[in-house]
Amino acid sequence: MNIQDDIKTLHNYEAFARFMKMVYDLREEAIEELHEATSETIQQVSGRIITYDQLLQLSSWQELSNRHRENF
């Protein structure tokens, strides 16, 4: 079994969808932080955003959120 198969299996679980929704919300908060970030913290905040984006892409967030949208 590979990671893509594992993620497809996780898509069946509402708990996984809630967890990824939290990652999505954290990404949105980090984007808001970026607007107020100083030049010293921009790189740190940008790094967090990139990490959240990678997790969302890896989990196929769009597909997952559509599948469990009634739970959000």
Side-chain angles (χ1 to χ4, degrees):
M1 193 177 252
N2 64 34
I3 191 70
Q4 294 300 347
D5 292 335
D6 292 340
I7 291 170
K8 283 182 182 181
T9 300
L10 288 170
H11 273 227
N12 294 317
Y13 297 97
E14 184 181 328
F16 180 66
R18 284 193 310 267
F19 173 74
M20 292 311 301
K21 172 71 165 96
M22 183 185 68
V23 171
Y24 175 82
D25 290 342
L26 289 170
R27 176 186 165 273
E28 294 302 307
E29 287 176 20
I31 290 170
E32 288 178 24
E33 266 183 64
L34 193 57
H35 294 292
E36 300 170 5
T38 64
S39 57
E40 293 87 34
T41 59
I42 286 175
Q43 190 172 15
Q44 180 184 13
V45 175
S46 295
R48 287 189 358 238
I49 293 168
I50 290 168
T51 301
Y52 295 139
D53 278 341
Q54 289 172 335
L55 289 170
L56 292 167
Q57 288 175 3
L58 184 63
S59 71
S60 302
W61 168 244
Q62 279 299 89
E63 180 183 325
L64 180 64
S65 65
N66 287 337
R67 184 174 190 169
H68 295 278
R69 94 181 80 177
E70 68 279 354
N71 300 314
F72 300 134

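We use all heavy atoms of the structure for the numbers below, so side chains are in, but hydrogens, waters and symmetry mates are not.
- Partner of Tyr52 under the side chain to side chain contact (heavy atoms under 4.5 Å, CB included) criterion, out of Gln57, Glu28, Glu29, Arg27: Arg27 alone.
- The CD atom of Glu63 lies 9.5 Å from the NE2 atom of His68; values are rounded to the nearest 0.5 Å.
- The shortest distance between side-chain heavy atoms of Gln62 and Ser65 falls below 4.5 Å.
- Asp6 is not listed as a side-chain neighbour of Thr9, based on a closest heavy-atom distance of 4.5 Å or more.
- Within the 4.5 Å cutoff, no side-chain heavy atoms of Leu64 are placed close to those of Lys21.
- Of all non-hydrogen atoms in Asp5 and Asn2, the two that sit nearest each other are N-OD1, 2.9 Å.
- Aromatic ring pairs are classed by plane angle as parallel below 30°, tilted from 30° to 60° and perpendicular above 60°; the pair His11 and Phe16 is tilted.
- A distance of 9.0 Å separates CG in Asp25 from CE in Met22, rounded to the nearest 0.5 Å.
- Here NE2 of His35 is found 11.0 Å from CD of Glu33. Values are rounded to the nearest 0.5 Å.
- Put simply, the side chain of Val23 reaches to within 4.5 Å of the side chain of Met20, judged on heavy atoms.
- Surrounding OH of Tyr24 are at most 12 heavy atoms belonging to other residues, nucleotides or ligands under 6.0 Å away.
- Using a cutoff of 4.0 Å between basic side-chain nitrogens and carboxylate oxygens, Arg18 and Glu14 are scored as salt-bridged.
- The hydrophobic cluster containing Leu10 also contains Trp61, counting ILVMFWY residues as joined when their side-chain heavy atoms lie under 4.5 angstrom apart, directly or transitively.
- Counting all heavy atoms, side chain and backbone alike, Leu34 lies closest to Ser46 at CD1-OG, 3.8 Å.
- Here the OG-NZ distance, from Ser60 to Lys8, works out to 8.5 Å after rounding to the nearest 0.5 Å.
- In this structure, Leu56 is a member of the same hydrophobic cluster as Leu26, with clusters built from ILVMFWY side-chain heavy atoms closer than 4.5 Å.
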